[in-house]
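Naming: A, B, ... by sequence-line order, numbering from 1 per chain. Below, all heavy atoms of this structure are taken into account, side chains as well, without hydrogens, waters or symmetry copies.
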2 protein chains.
Amino acid sequence: MSDLFPKKGHDHDRCVHSALAQAEKVCDAENARFTDMRRKVFTLIWQSHKAVTAYELLDALTAEGQRVQPPTVYRALEFLTELGLVHRIESLNAYFGCDRPDCEHLGQYFICTDCGRVAEAVNEDMSNAVRKAARGVGFTIEATTVEIKGLCHDCATH
Amino acid sequence: MSDLFPKKGHDHDRCVHSALAQAEKVCDAENARFTDMRRKVFTLIWQSHKAVTAYELLDALTAEGQRVQPPTVYRALEFLTELGLVHRIESLNAYFGCDRPDCEHLGQYFICTDCGRVAEAVNEDMSNAVRKAARGVGFTIEATTVEIKGLCHDCATH
DNA sequence: CAGAAAATGATATATTATAACATTTCATCA
DNA sequence: TGATGAAATGTTATAATATATCATTTTCTG
């Protein structure tokens with residue numbers, strides 16, 4: 001079993017730095033501006049491996065001394081989402097940083113209902129099953145939402 | 001190809017009556033009360049093959065002369081959802097009537113972005129792929145959300 | 001640097017959902 | 001059969017999530 005979820009005590013700064021580096025790369029490639037606000041929001045999203053709501057981000061920005069209104073946060077989220085740097089978790093109305101913003105993928109999200117962490121999988125079996133099912137019913141896929149709630153391995157075993 | 005979506009001009013009364021009959025059966029089996037309000041909400045949900053928001057239901061009830069507040073609708077939805085008579089479509093914040101309330105299943109939803117219709121699939125390939133992926137990462141499933149947006153066959157070809 | 005485009009600020013409001021307490025309805029059994 | 005408790009619904013208020021619109025600032029480009 002390969003746990004998708006990060007180990008306890010992992011070096012989270014590394015996650016954040018790597019995510020920032022990837023984000024910069026993607027923005028660069030897309031000729032999109034990774035402005036201060038976008039970087040702040042992105043960094044806040046990466047503060048944990050949980051999904052974060054727009055208003056939690058708003059509060060965090062306020063706590064940092066920024067006086068910011070909802071549209072500002074939602075715009076940053078829209079930007080980040082469109083570039084694939086962040087995914088919206090529909091069943092939580094919350095946002096989650098993407099590990100692999102540089103490749104197209106149908107992501108699948110495991111959401112632990114105990115610790116709240118989220119992990120993204122890019123599982124070809126699942127993707128193919130979805131594509132095949134769609135083909136079977138003559139359906140043209142534009143977007144998919146696959147969210148799986150339950151207990152991560154840590155929470156199930158402790 | 002077997003289209004999941006109902007044919008144009010199908011006898012929709014039959015859908016509604018069949019759904020009501022199934023709902024009654026399930027409520028009976030569960031010793032749950034299919035009250036007037038619950039039946040009204042359920043019937044309204046089945047007025048189309050689209051997903052319906054709570055406030056659309058509220059408006060429809062108001063139009064019928066009922067003066068109803070949000071909690072009333074949300075309670076009916078909670079009841080129907082818990083019995084599996086209705087599913088929540090997370091990516092639409094809307095509710096959709098279930099065809100197969102009598103058997104446990106991990107449902108998958110195809111949502112046409114053109115005509116707005118929704119169709120539920122119970123595809124074992126998809127379900128198994130999800131279960132297998134979860135097993136592979138030591139994840140214990142509690143609930144799944146699989147929602148596929150795109151064009152239904154009718155809309156793709158017309 | 002001027003002008004256009006993009007981003008952010010600010011205000012207001014729409015949409016979705018729930019908390020808390022009051023009242024009514026319904027099943028049951030003494 | 002009517003008292004009683006549980007379930008359902010009514011009522012009021014408010015929380016949580018999201019967007020529309022117009023003003024201002026920042027950045028890019030020629």
> If you pin Arg88(B) and Arg75(A) to their nearest nucleotides in DNA chain C, which one's is more 5'?
Replying inline: Arg75(A)
> Taking only residues two or more places apart in sequence, or in another chain, which ones meet Glu90(B) in a side-chain contact (heavy atoms from CB on, under 4.5 Å)?
Replying inline: Glu90(A), Ser91(A), Arg88(B), Thr145(B), Glu147(B)
>> Test of understanding: with side-chain contact (heavy atoms from CB on, under 4.5 Å), list the residues that count as partners of Asn128(B), not counting sequence neighbours.
In response: Glu124(B), Arg131(B)
> ring pair (Phe, Tyr, Trp, His ring centres under 6.0 Å): which pairs involve residues 66-92 of chain B, sequence neighbours left out?
Replying inline: His87(B)-His105(B), His87(B)-Tyr109(B)
>> Please report the interatomic distance CD1(Ile111(A)) to SG(Cys152(A)), rounded to the nearest 0.5 Å.
In response: 12.5 Å
>> Holding to side-chain contact (heavy atoms from CB on, under 4.5 Å), I want the full list of residues that pass it with Glu64(A), two or more places apart in sequence or in another chain.
In response: Lys40(A), Leu44(A), Leu61(A)
> Roughly how far, to the nearest 0.5 Å, is the CZ atom of Phe96(A) from the NZ atom of Lys50(A)?
Replying inline: 12.0 Å
>> Taking ring-ring contact (aromatic ring centres under 6.0 Å, His included) as the definition, give me every residue that meets it alongside Phe34(A), ordered by chain and number, with sequence neighbours left out.
In response: Phe42(A)
>> Is the shortest side-chain heavy-atom distance between Arg100(B) and Gln22(B) below 4.5 Å?
In response: no
>> If we ignore hydrogens and angles and just use 3.5 Å, is the side chain of Thr72(B) paired with the main-chain N or O of Val68(B) as donor and acceptor?
In response: no
> Within the distance-only criterion (no hydrogens, no angle test), does the side chain of Gln108(A) pair as donor or acceptor with the backbone N or O of Glu120(A) below 3.5 angstrom?
Replying inline: no
> What pairs of residues pass the ring pair (Phe, Tyr, Trp, His ring centres under 6.0 Å) test when at least one of them lies in residues 120-158 of chain A, not counting sequence neighbours?
Replying inline: Phe139(A)-Phe110(B)
> Taking 5' to 3' order, which nucleotide of DNA chain D is first and which is last to have an atom within less than 4.0 Å of a heavy atom in chain A?
Replying inline: dT17(D) to dT27(D)
>> Between Arg38(A) and Arg33(A) (side chain of the first, backbone of the second, donor and acceptor by atom type, cut-off under 3.5 Å), is there such a pair?
In response: yes
> Do Val41(A) and Leu77(A) have side-chain heavy atoms sitting under 4.5 Å apart?
Replying inline: yes
> Glu142(A): what forms a side-chain contact (heavy atoms from CB on, under 4.5 Å) with it, not counting sequence neighbours?
Replying inline: Thr113(B), Leu151(B)
>> Tell me which residues in residues 47-73 of chain B lie within less than 4.0 Å of DNA chain D, going by non-hydrogen atoms.
In response: Gln69(B), Pro71(B), Thr72(B)
> Do any of residues 20-41 of chain A sit with a heavy atom less than 4.0 Å from DNA chain C, and if so which?
Replying inline: Arg33(A), Thr35(A), Met37(A), Arg38(A)
>> What is the first contacted nucleotide of DNA chain C and what is the last, in 5' to 3' order, if contact means an atom lying under 4.0 angstrom from a heavy atom of chain A?
In response: dA6(C) to dT11(C)
> What about the rings of His17(A) and His12(A), do their centers lie closer together than 6.0 Å?
Replying inline: no
> Of the residues in residues 107-115 of chain B, which ones touch DNA chain C at a heavy-atom distance under 4.0 Å?
Replying inline: none
